[in-house]
Every structure is written in structure tokens, then in C-alpha cells.
J.: 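The structure under discussion is supplied below as C-alpha cells; questions concerning it will follow.
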Protein chains: 2
Amino acid sequence: MEKSTRYGQIQEDLKKKIQQGSYEVGDLLPSENELCAAYHVTRTTARKALQELQNEGYITRQHGKGSIVSERRNTLGLLTVRGFSETVGHEVRNVMISKPSIHDWSRDFSFSPSEKEVVSKCIHFSRLRCVGTTPVMLEESWLAADCVPSFMEQEFVDGSFFKTLSKRYMIEITGSEQEIRAVRADENVGILLHVAAKSPVLYIAVRYTTSLPGYYVYSKLYCNTDKYPIGNVYSSPK
Amino acid sequence: MEKSTRYGQIQEDLKKKIQQGSYEVGDLLPSENELCAAYHVTRTTARKALQELQNEGYITRQHGKGSIVSERRNTLGLLTVRGFSETVGHEVRNVMISKPSIHDWSRDFSFSPSEKEVVSKCIHFSRLRCVGTTPVMLEESWLAADCVPSFMEQEFVDGSFFKTLSKRYMIEITGSEQEIRAVRADENVGILLHVAAKSPVLYIAVRYTTSLPGYYVYSKLYCNTDKYPIGNVYSSPK
DNA sequence: TAGTGGTCTAGACCACTGG
DNA sequence: CAGTGGTCTAGACCACTAG
């Protein structure tokens with residue numbers, strides 16, 4: 001199963017070492033320059049290998065630090081969900097279901113808030129995303145209150161939450177992790193999404209990473225996939 | 001919303017033109033060299049812009065041809081499902097439920113077979129993927145029979161379908177498109193996945209593109225996400 | 001401050017596509 | 001065949017991280 005490209009060989013080498021346990025979760029892989037020396041390639045090639053490993057979810061990379069071996073969650077396969085706003089070709093409307101309000105972190109969630117976050121209260125809000133007049137997605141979001149002062153006193157910038165984080169608080173979304181399940185709609189979700197209670201809906205738990213270390217945004221998405229499935233067009237060089 | 005990088009600006013420029021209809025579905029975007037000249041950048045930079053557009057699903061790229069504007073399906077968001085075999089940290093077993101056999105293309109499917117394919121019969125088989133003793137995924141696959149002679153007379157190479165395509169027929173999987181839904185398990189699926197009939201399961205329709213133009217592999221996946229959700233760890237530079 | 005990853009230049013050779 | 005995207009070299013400057 002030798003890859004025919006140099007970067008492919010480096011990629012497979014590193015992957016094997018991760019799988020065999022030569023690198024533990026949290027460890028740093030060799031830096032780009034070290035890989036250049038070890039494999040006698042230029043940075044472009046070493047870099048490409050690391051980027052592919054990142055795309056496959058084996059590592060995350062951090063500017064100024066290095067390539068960090070990722071935790072492998074209890075999940076099947078790998079996939080990527082991008083922002084709802086990246087969807088094109090649809091008329092999307094957002095309806096605020098419950099305005100931002102302060103709560104405690106009472107969480108039955110796939111991801112645990114970090115130590116930094118639990119000392120703060122959290123802000124919660126939920127929105128309904130509609131294509132035309134059809135509700136397609138209910139999104140609940142949580143974030144720690146301490147990094148976003150007077151969040152609740154102001155409207156969102158252009159109605160966009162992410163744009164608000166960026167423009168008003170200089171917080172950028174840098175990535176995400178998610179878990180997807182098929183679940184039964186509870187009564188509330190069913191009413192909002194216009195489906196019968198207990199019918200199947202797609203559930204996505206997301207943790208967005210931000211430009212602030214240790215600061216995350218959490219979301220739960222419930223999707224009615226009858227009319228609009230979650231989908232993509234993607235092709236990856238193998 | 002100006003991007004601070006050159007490739008980001010080019011990327012946004014092209015995206016806007018696609019969204020505004022300056023390029024129709026199927027059109028070719030400017031080639032890498034043309035972008036180099038137009039924006040006074042090197043190929044590395046022009047290339048990066050096109051690669052990001054590809055990752056976002058706006059275009060597909062074809063060696064020797066160019067960057068082709070993608071059809072925007074009736075889907076929400078964008079996501080990527082990678083091969084089941086890329087999952088790590090699990091003991092995966094595959095059980096052949098129905099061995100490869102010849103059929104007509106009778107299709108109630110998200111993707112239509114291409115003209116090349118309908119003139120041929122198709123091969124169908126289905127497999128159950130288990131983690132330990134827990135069935136987690138039922139996979140049905142279809143492919144045109146004419147490109148894989150004596151497919152049914154031989155066992156899979158290492159038990160792997162993709163490896164068989166690669167080693168025996170020199171056909172490589174180059175990418176995929178998919179649609180995800182939450183549906184009710186029918187009786188058969190329920191029995192195989194050890195869930196009650198009509199309980200929610202994740203349904204994924206996949207079309208794999210191959211190194212043979214116009215030749216695809218189609219799959220339907222049914223996943224029991226109770227114990228093992230579909231998930232990932234991903235971070236994209238924004 | 002030294003080392004890291006992020007971006008970018010200016011070339012090169014190759015395999016693939018289409019006319 | 002000319003043009004395309006895929007890979008790769010050998011440099012450069014920058015912003016970020018951590019000691």
C-alpha cells in the first residue's frame with residue numbers, strides 16, 4: 001500500500017507511528033523542518049503530509065507550537081460540517097427562538113466545558129433556520145459569558161452570531177468537532193421543525209474552537225432532513 | 001469581510017462570481033496560470049485559492065481539464081464522510097450479508113447512474129460492519145459490472161472492497177459525494193443493526209468517484225448511532 | 001529569543017485531457 | 001499537440017508560542 005508521492009509516504013509513516021502508539025495523544029509530531037531533514041524534502045512536501053494528517057483528524061496544528069496528536073473519540077468515520085451560512089443556493093431565514101440569557105452550565109452534552117469555562121456563567125440562545133418557509137434546523141448554542149461583555153444588550157451584527165464574535169469581540173472560529181446521531185424528535189423540537197413527535201431527526205453536537213485558547217462555543221443542532229438532507233460534494237486526492 | 005491573505009481574496013472573488021452566476025454549473029473557472037497572471041501571484045497562491053473552493057464544495061478539479069463549477073444539490077451545509085476503514089481505535093469486523101450478484105439498475109436512489117453505466121448490468125452486495133460484537137453499519141453497494149470482469153468469482157483482496165478495486169482492476173477511489181438523513185429503520189435493517197423497527201437510524205447515500213471517468217460506486221449506509229456516533233475532529237483555517 | 005507553523009515567490013518536471 | 005492540474009525544490013518573510 002505504498003503511496004507513490006513523497007508526501008504520501010511521509011503521511012503513511014507518521015500515521016503508522018501514531019496508530020502503533022509511538023506518539024501518544026497530545027504529543028508533538030516532528031516539526032516541519034525536522035521532517036524536511038529526516039526525509040530530505042522541502043517544507044512544501046513535509047507540510048503537505050502534515051496537512052493531510054490534519055484533514056484525516058489525526059492531528060491538530062497550532063501556530064508557534066507544532067502538530068499535536070488528536071484524541072480519537074468514540075466515533076465512526078470522519079466528517080466535517082461547515083457553517084450553515086456557507087450553504088448557498090437557498091433563501092435562508094433565521095428566527096430567534098429564545099434570546100440570549102444567562103444560565104449555569106447544566107450539561108448533558110458530548111463535550112465537557114473546560115476548566116476555564118466552568119468558573120464563568122454561560123449564555124444560551126436558540127435559533128430556528130428556515131429555507132423559505134420550511135424550518136430545517138433548530139440550533140441551540142452555549143458560550144462562556146466572561147469573554148463576551150454586554151453580549152445580551154446588543155443585537156447580532158448582520159444577524160450573524162459568528163460575525164458578532166468576530167467584529168465585536170475579536171474572536172474567530174478556527175475549527176470544529178462534531179458528533180452526529182439519528183434521534184427521535186422530542187415534542188418541542190417536533191413542533192418547531194414541523195415534524196411529528198418521535199420521528200427521526202438528525203442530531204449534531206458541535207464544539208467550535210476559537211482563536212481564544214480554551215474558549216469554545218457549543219451547539220446542538222436538530223435537523224429535519226426530509227426535504228433538505230445534509231450533504232456535500234467533495235473530492236479528496238487519494 | 002476582506003480576507004487578509006492573497007489566496008483568501010482570490011477565493012472570495014471566485015466564490016462571489018459563482019454565487020452571482022458569472023459561472024454556471026459545469027463551467028470552467030480560470031486555470032491556475034490564468035489566475036496567476038490576473039492576480040499577479042505565483043501558482044502556489046492561485047492553487048491554494050482553488051483548493052479551498054474545492055474543499056468548500058464549490059468546484060471539482062480535474063487533472064488535464066480544469067476547475068469545474070459544481071452542482072449545488074438540495075442540501076444543507078457541507079460535510080465529508082471518509083472511508084469506514086480510516087476509523088481507528090476500534091476492532092472492526094465485516095460480515096458479508098449478501099454476496100455479490102448481478103442485477104438490473106432498479107434504482108430509488110439520490111444519484112442517477114450515468115449513461116455509460118445503464119447499458120451494463122450492475123453488481124450488488126451488502127455487508128455489515130461491526131465494532132467488536134456490536135453491529136454499527138449496514139452497507140449496500142452497487143457498481144457497473146462491465147469494468148470488473150469475474151468480480152463475483154473471487155474473494156475480496158484482504159476482505160477489502162476498495163483494495164480489490166485497486167489491486168485487481170486498477171480502479172482508485174478519488175472522492176465522494178453524499179447525503180445524510182435521519183430515517184426510520186425498516187424491519188430488515190432493524191434486525192441486522194439490533195435496533196427496534198422504526199427507530200431512528202442514520203442513512204447516508206454515497207456516490208464514490210473513481211479514477212475511471214464516468215465510473216462510480218454507489219453505496220447506501222444505515223448506521224446505528226446509539227453507541228458510536230458519526231464524528232470527527234477537524235479544524236480548518238478560516 | 002529561538003523555534004514553530006502560515007504565507008508566498010519563482011522556478012521545474014510530470015501525467016493527464018482534449019482537439 | 002498545447003494546456004491543465006499534481007508534485008516538488010529552494011529559498012524568503014511573517015506572526016505566533018514558549019521559555
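In what follows, every chain begins at residue 1, and chains take the letters A, B, ... in the order their sequences are listed.
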J.: When you match B:Ser31 and A:Val41 each to their closest nucleotide on DNA chain D, which lands nearer the 5' end?
T.: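 Final value for this comparison: B:Ser31.
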J.: Could you tell me which residues satisfy ring pair (Phe, Tyr, Trp, His ring centres under 6.0 Å) with B:His103, sequence neighbours excluded, listed by chain and number?
T.: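 Per chain and number, B:His103 pairs via ring pair (Phe, Tyr, Trp, His ring centres under 6.0 Å) with B:His124.
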J.: List for me each residue that meets side chain to side chain donor-acceptor pair (under 3.5 Å) alongside A:Ser150, sequence neighbours excluded, and say none if there are none.
T.: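 If we apply the side chain to side chain donor-acceptor pair (under 3.5 Å) test to A:Ser150, skipping adjacent residues, there are no hits.
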J.: Under 3.5 Å, which protein N or O atoms sit close to an N or O of nucleotides 13-15 of chain D? Give each pair with its distance.
T.:
unit_1, atom_1, unit_2, atom_2, d
D:dA15, N3, A:His63, NE2, 2.7

J.: Got a sec, which residues hit side-chain contact (heavy atoms from CB on, under 4.5 Å) with A:Arg168, two or more places apart in sequence or on another chain?
T.: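 Once residues adjacent in sequence are excluded, the partners of A:Arg168 under the side-chain contact (heavy atoms from CB on, under 4.5 Å) criterion are A:Gln154, A:Val157, A:Thr164.
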J.: Run the side chain to side chain donor-acceptor pair (under 3.5 Å) test against A:Arg127 and tell me which residues pass, sequence neighbours left out.
T.: none
J.: Using Watson-Crick and G-U wobble pairs whose two distances are both under 3.5 Å, how do you write the pairing of DNA chain D as dot-bracket, with | for links to another strand?
T.: ||||||||||||||||||.
J.: Below the 4.0 Å mark, does D:dT9 have OP1 or OP2 next to a side-chain nitrogen or oxygen of A:Thr44?
T.: no
J.: Tell me what B:Thr42 touches on the nucleic acid: a base, only sugar-phosphate, or nothing, going by heavy atoms under 4.0 Å.
T.: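 Counting heavy atoms under 4.0 Å across all strands, the contact made by B:Thr42 includes a base.
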J.: Establish, with yes or no, whether the OP1 or OP2 oxygen of D:dG3 is under 4.0 angstrom from a side-chain nitrogen or oxygen of B:Lys65.
T.: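 Answer is no, no contact under 4.0 Å.
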J.: For B:Gln51, enumerate each residue passing the side chain to side chain donor-acceptor pair (under 3.5 Å) test, keeping only those at least two apart in sequence or located in another chain.
T.: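 Testing B:Gln51 for side chain to side chain donor-acceptor pair (under 3.5 Å), a comparison that skips the adjacent residues, returns none.
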J.: Quick check on D:dT4: is either OP1 or OP2 less than 4.0 Å from any side-chain nitrogen or oxygen of B:Arg61?
T.: no
J.: For A:Tyr23, give me all partners under side chain to side chain donor-acceptor pair (under 3.5 Å), at least two apart in sequence or on another chain.
T.: none
J.: Given C:dT4, is OP1 or OP2 found less than 4.0 Å from the side-chain N or O atoms of A:Ser67?
T.: no
J.: Do the non-hydrogen side-chain atoms of A:Lys121 and A:Asp104 ever get within less than 4.5 Å of each other?
T.: yes
J.: Respond yes when some side-chain nitrogen or oxygen of B:Thr45 is under 4.0 Å from OP1 or OP2 of C:dT9, and no when none is.
T.: yes
J.: For A:Tyr39, check ring pair (Phe, Tyr, Trp, His ring centres under 6.0 Å) against everything at least two apart and list the hits.
T.: none
J.: For D:dC8, does OP1 or OP2 lie under 4.0 Å from any side-chain N or O of A:Tyr7?
T.: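 For A:Tyr7, the contact criterion (side-chain N or O under 4.0 Å from OP1 or OP2 of D:dC8) is not met.
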